[in-house]
Every structure is written in structure tokens, then in C-alpha cells.
Amino acid sequence: MSKSKNLYIKTFGCQMNVYDSERMATSLGADGYNEVSSPEEADMILLNTCHIREKAAEKIYSDLGRFKSLKAKNPDLKIGVTGCVAQAEGEEIIKRQPLVDIVVGPQAYHRLPAMAKSIENGKKVVDTDFPEEDKFEHLPAAPKTKRAPSAFLTVQEGCDKFCAFCVVPFTRGAEVSRPVLQIINEARDLVERGVRDITLLGQNVNAYHGAMKSGDANLPQLIKELSKIEELKRIRFTTSHPNDMTQELIDAHGEMEKLMPYLHLPVQSGSDKILKGMNRKHTAKSYLEVIENLRVARPDIALSGDFIVGFPGETDEDFEQTLELVREVKYAQAYSFKYSTRPGTPAAENKNQVPEEIKSERLSRLQALLSQHQKEFMGTMVGKVLPVLLERPGRLDGQLVGRSEYLHGVHASIDQAQIGDIVNLRILGADTNSLRAEFVSK
Ligand code: SAH
Ligand code: SF4
Ligand code: F3S
């Protein structure tokens with residue numbers, strides 16, 4: 001093992017990047033890199049980037065600019081760009097910002113330690129291949145140290161859907177599912193390290209179809225296998241596409257005890273004309289039918305969603321239909337964005353772009369409605385006794401912070417239980433983003 005060095009990783013974008021950053025840290029850790037929490041201490045800085053909207057991508061260059069002074073102080077400092085901007089822009093990144101040493105796309109992370117070695121003598125490396133080999137087979141397992149009780153586990157990557165606005169099919173490539181056994185082994189490792197709540201990740205996680213002895217397994221079958229791990233108490237999955245919500249998966253929400261009553265199911269728009277333009281291949285009605293069936297299977301299910309306002313050609317009437325759909329579903333939580341033109345996607349070519357002021361106005365109207373619903377949903381928790389997984393110490397003395405089944409943060413003073421336990425807490429009040437509670441029982 002070489003002499004110890006410091007690694008700083010900054011993560012942007014979705015949960016899949018959070019998971020990847022952890023795997024990269026482990027992989028470089030096996031090569032003598034210690035993770036640190038500030039770029040000033042680092043011998044290597046990795047920016048794990050997101051390309052989904054223009055602002056996210058541009059932020060990388062402003063961050064890189066700020067690292068100039070660090071490199072002046074420490075000429076041995078190495079700087080890498082990973083993730084979706086790396087995949088999309090490749091060597092352009094080094095042309096625009098020559099202080100970058102490594103550019104590596106999401107499919108080639110297992111090659112990072114070798115790259116780290118080859119840049120030591122001043123070379124630069126760009127790797128945006130989609131290699132034949134399975135990177136997961138080549139990434140080392142994490143050391144058996146204790147970790148936080150909630151974890152992400154990527155089970156599927158890439159997307160074959162090609163929504164007209166989206167860069168993901170280009171940055172993450174075609175859909176690939178990991179084999180069931182590989183996932184079970186990783187879940188077992190996580191559970192041994194103290195994990196009780198696992199969120200299965202994929203750009204299109206409900207299209208999962210991983211290899212199993214008896215042929216391919218779908219997502220409900222995978223969840224069933226994972227449910228057999230006794231100490232694993234909670235299972236979630238994200239992100240799903242409405243068209244892959246099969247009846248079997250819907251029914252699973254009523255049948256599998258460990259599957260949490262919470263689902264992120266993006267719809268993007270409530271207008272069929274816009275959905276068609278987006279190439280979503282579903283209608284507002286078919287989406288609402290899925291929601292209805294989910295509520296039949298699991299009456300206490302809460303929903304979360306994603307919305308884009310100002311997609312090319314969106315009229316006031318189209319936007320009203322989005323508000324209408326939101327009123328009908330009443331999301332517990334949601335993300336909403338102004339449409340951002342992404343080079344290389346079909347919608348970027350569309351002549352009917354919506355002016356920025358109209359996008360902004362629609363976004364604030366939508367967000368006002370969504371946050372009103374979010375607040376109402378949190379309000380319904382007050383007075384209830386909920387099972388909460390204790391995750392970390394709170395800011396106050398004796399306080400612990402946990403998560404409800406609906407992903408609400410819950411604060412309470414507790415000395416009868418510890419991190420990793422699931423306890424029953426009575427909800428006393430709701431703040432903007434979290435709940436206050438008192439201990440009831442273990
Ligand atoms: N695979 C996930 C989405 C990944 S991107 C899915 O299909 O739901 C996360 C969210 O970013 C999307 O749901 C969409 O709401 C938003 N998004 C994607 N491309 C965008 C763009 N060009 N402009 C604005 N928002 C976008
Ligand atoms: Fe993007 Fe659509 Fe694929 Fe989601 S389903 S990643 S929005 S192309
Ligand atoms: Fe962003 Fe890539 Fe995730 S573009 S949202 S980091 S898949």
C-alpha cells in the first residue's frame with residue numbers, strides 16, 4: 001500500500017451519484033486514500049457531477065475555478081471530474097479547465113485507482129467508455145466498519161426511455177440490471193454494518209430485470225428475496241417510471257411488510273399534449289389509474305413526484321392541467337423544475353421554447369400548491385404514534401433524529417433506545433421540514 005493521501009469528494013445530482021461517491025471512496029481507500037471533509041486538506045479532489053439541468057453543469061466550472069489557488073499552493077494536488085458532466089463533455093472539460101487531471105464517466109469508476117497512479121507523473125486521463133466488464137464486480141467491497149442505518153444500493157443503471165428533455169440515457173447509457181445474488185450479498189454486508197433501511201436505486205428502478213438462478217427476476221421478486229434478510233427492516237426503491245408500474249409491483253405494496261408505504265413516481269406534466277411531446281408514452285389518466293391502484297393495494301401510501309414546467313409548447317391551459325393533476329394526487333412531497341434545454345436532446349431543437357419569465361411564474365405557482373400539500377400531509381402526522389428508525393444524534397443534548405416510514409425527519413429526546421433502533425414515537429408538532437416527537441415504546 002502506498003503512503004496515505006487525502007481524498008475530498010463533492011457530490012452533485014441524484015442518489016445514484018451519492019452511492020457512486022461512496023463506492024469511489026472505498027475503491028481509492030483500498031489504495032491508501034483517506035476521505036476528508038474539506039478541499040483544502042486534499043491531495044485529490046473529485047467532483048462527482050450532474051448534467052441534468054444547465055445550472056448544475058455550469059456550477060462545476062465555477063467550482064473548478066476556485067480550486068486554482070489550492071493547486072498553486074499544492075502542485076501535487078490532483079483534480080478529477082466524474083459523473084454525468086464527465087460522461088457528456090469528456091475531454092472538453094480539460095480544454096476549458098486545464099487544471100483538471102482526470103475525467104471519468106460513471107461506467108469506468110473501477111478503473112479509478114489505476115488512473116490515480118498514471119496521473120502521478122503529470123499525465124492526464126480521460127475515460128468515458130462503456131466497458132464490457134461489470135464495474136460492480138471490480139469495485140472492492142467496503143471495510144466491515146459500522147455505518148449509518150440507512151443506505152442506498154444501486155440495482156439498475158441507465159435508461160432506455162429517452163424522454164425528449166433528458167440527458168440521462170446519454171450520460172448513463174442503456175439499462176443494465178445487476179444480478180440478484182450480487183445485490184443480496186451487498187445488502188447482507190450493509191446489514192452487518194448496521195443498516196436497517198435500504199433504498200434500491202436505478203434511473204428506472206422498476207424496469208429492473210436482474211439475473212437469478214431460475215431466470216430473470218423482476219423488482220417485486222428482488223424485494224421478496226431481500227425481505228428474507230431478517231435484520232433488514234425497511235425497503236424502498238427509486239426512481240420509477242409510471243409505465244413500469246406493473247400490477248405485481250403495485251400488489252407488492254400491499255403484500256410485502258418491509259416495503260415502505262411511500263413511492264416516488266414522477267409524472268412531469270398533467271397535460272397529455274405535453275406528455276406526448278416529452279415522449280413519456282403515458283397519459284395523465286393512465287398515471288392517475290396507477291395511483292388509484294396503488295391506493296387500493298396500500299391505502300396509507302404517500303406519493304412523491306417530479307414536475308417540469310415550461311416544456312416547449314406548454315400553454316397556460318397545459319399548465320392548468322398540471323395543477324389539476326397535483327390537486328387530485330396531493331403529493332406528500334415533490335420536486336419541480338423549470339425546463340432546461342439540454343444539448344443533444346430532441347426538445348432542445350423545438351422552436352416553441354417558453355420564455356423564462358413565464359417558466360418562473362408557473363414554477364412559483366406550482367411550488368406554492370405543492371408545499372401547501374406537503375404541509376397538510378405533515379400536519380396529518382401530528383398526534384399519531386409512528387415507527388421511526390433512529391439515525392443520528394440531534395443538535396440538542398440527548399436528542400436523536402430518525403426517519404419515519406414517509407422519510408420525514410423526526411426529532412426527539414430519547415435515552416431508552418439507540419441509533420439503529422426502530423422505536424414508536426408520538427408526533428407532537430410539525431415544523432417546515434421535520435417533525436417533533438416524544439418516546440412511546442421500543
Ligand atoms: N429517472 C428519473 C428521472 C431522473 S432526472 C425519472 O424518470 O423519473 C430527475 C428529474 O429531473 C426528472 O424527473 C425531471 O423532472 C427533471 N429533469 C430532467 N431533465 C430535465 C430538464 N431538461 N429540465 C428540467 N428538469 C429536468
Ligand atoms: Fe430521463 Fe425519462 Fe429516463 Fe427518467 S425515464 S431518466 S426522465 S429519459
Ligand atoms: Fe444528474 Fe446524472 Fe443523476 S445527470 S440526476 S447525476 S443520473
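We count ligands from 1, going down the list as the structure has it; atoms in each ligand are counted the same way.
Classification of the Tyr339-Phe311 ring pair by plane angle, with boundaries at 30° and 60°, yields perpendicular. Between His408 and Phe377, the angle of the ring planes lies from 30° to 60°, which puts this pair in the tilted group. Relative orientation of the Phe136 and Tyr19 rings is tilted, given thresholds of 30° and 60° on the angle between their planes.
When hydrogens are left out, the protein atom nearest atom 4 (S) of ligand 3 is His51 N, 3.2 Å; that is the closest non-hydrogen contact. For atom 1 (N) of ligand 1, the nearest protein heavy atom (residue, atom name, distance) is Gln203 O, 2.6 Å. Atom 4 (Fe) of ligand 2 has as its closest protein heavy atom Gln203 O, 4.5 Å. Protein heavy atom closest to atom 6 (C) of ligand 1, with residue, atom name and distance, is Thr239 CG2, 3.6 Å. In this structure, atom 8 (O) of ligand 1 lies nearest to the protein heavy atom Pro266 CG, 3.1 Å. In terms of protein heavy-atom proximity, atom 24 (C) of ligand 1 is closest to Lys338 O, 3.3 Å. Nearest protein neighbour of atom 3 (Fe) of ligand 3, counting heavy atoms only, is Cys14 SG, 2.3 Å. Closest to atom 13 (O) of ligand 1 among all protein heavy atoms lies Asp306 OD2, 2.6 Å. For atom 2 (Fe) of ligand 3, the nearest non-hydrogen atom of the protein is Cys84 SG, 2.2 Å. The nearest heavy-atom contact from the protein to atom 25 (N) of ligand 1 is Arg53 NH1, 3.3 Å.
Ligand 2 places these atoms under 4.0 Å from at least one heavy atom of Cys159: 3 (Fe), 5 (S), 6 (S), 8 (S). Each of the atoms 3 (Fe), 5 (S) of ligand 2 lies under 4.0 Å from some heavy atom of Lys161. Which parts of ligand 3 touch Gln203 is read off a 4.0 Å heavy-atom cut-off, strictly below it: atoms 7 (S). Taking every non-hydrogen atom of Phe162 and a distance limit under 4.0 Å, the qualifying atoms of ligand 2 come out as 8 (S). Numbered from 1 in the order shown, with element, the atoms of ligand 3 that lie under 4.0 Å from a heavy atom of Asn17 read 6 (S). Listed by number with element, the atoms of ligand 2 under 4.0 angstrom from any heavy atom of His241 are 5 (S).
Counting heavy atoms only, Gln268 comes closest to atom 14 (C) of ligand 1 of the residues Met16, Lys55, Met278, Gln268. With distances taken over non-hydrogen atoms, the option nearest atom 7 (O) of ligand 1 out of Lys161, Arg280, Arg342, His264 is Arg280. Of the listed residues (Pro169, Cys166, Pro266), the one carrying the non-hydrogen atom nearest atom 1 (Fe) of ligand 2 is Cys166.
Under a 4.0 Å heavy-atom criterion, Met16 is not in contact with ligand 3.
Using a distance-only test at 3.5 Å, with no hydrogens or angles considered, a donor-acceptor pair links the side chain of Lys124 to the main chain of Pro98. Here the side chain of Asn279 pairs no donor or acceptor atom with the backbone of Ala164 at under 3.5 angstrom. Of the possible donor and acceptor atoms, one in the side chain of Asn206 sits under 3.5 Å from a partner among the backbone N and O of Asp244. Checked by atom type and distance alone, the side chain of Ser371 pairs as donor or acceptor with a backbone atom of Gln367 at under 3.5 Å. Listed for the Gln87 side chain is a donor-acceptor partner under 3.5 Å among the backbone atoms of Thr128.
Polar contact with ligand 1: absent for His241 (N/O pair, distance under 3.5 Å). Of the N or O atoms in Ser340, one or more lie within a sub-3.5 Å distance of an N or O in ligand 1. Between Phe165 and ligand 1, an N or O atom pair is found at a separation short of 3.5 Å. By the 3.5 Å distance cut-off applied to N or O atoms, Asn204 is not counted among the residues near ligand 1.
Contact annotation: Cys163 places no N, O or S atom under 2.8 Å from atom 1 (Fe) of ligand 2. At least one N, O or S atom of Cys50, from either the backbone or the side chain, sits less than 2.8 Å from atom 1 (Fe) of ligand 3.
A pairwise comparison of heavy atoms in Pro140 and Thr26 identifies O-CG2, 3.8 Å as the closest pair. Between Pro312 and Asn350, the closest heavy-atom pair is CB-CG, 3.4 Å.
Classification of Arg295 and Glu292 as a salt-bridged pair fails, no side-chain N sitting under 4.0 Å from a carboxylate O. Ionic pairing of Arg178 and Asp134 is not present here: no N-O contact between side-chain nitrogen and carboxylate oxygen is shorter than 4.0 angstrom.
Remark: Gln353 CD to Lys359 NZ distance equals 6.5 Å, nearest 0.5 Å.
Checking each of Leu7, Val36, Asn34 against Glu41 for a side chain to side chain contact (heavy atoms under 4.5 Å, CB included) leaves exactly one that passes, namely Val36.
Proximity of Asn204 to ligand 2, defined as any heavy-atom pair under 4.0 Å, is confined to the side chain (atoms from C-beta onward). Heavy atoms of Ile52 found under 4.0 angstrom from ligand 1 belong to the backbone as well as the side chain. At a heavy-atom distance under 4.0 Å, only side-chain atoms of Phe165, from C-beta outward, approach ligand 2.
The neighbour count for Glu231 CD, taken as heavy atoms of other residues, nucleotides or ligands under 6.0 Å away, is above 12. Within a 6.0 Å radius of CD in Glu54, no more than 12 heavy atoms belonging to other residues, nucleotides or ligands are found.
Remark: Arg53 qualifies as a cation-pi partner of Phe337 under the 6.0 Å distance and 45° angle criteria applied to the six-membered ring.
The side-chain heavy atoms of Met44 and Lys5, taken from C-beta on, include no pair separated by under 4.5 Å.
Closer than 4.0 Å to atom 4 (C) of ligand 1 lies none of the heavy atoms of the protein. Within a 4.0 Å radius of atom 10 (C) of ligand 1, the protein has at least one heavy atom.
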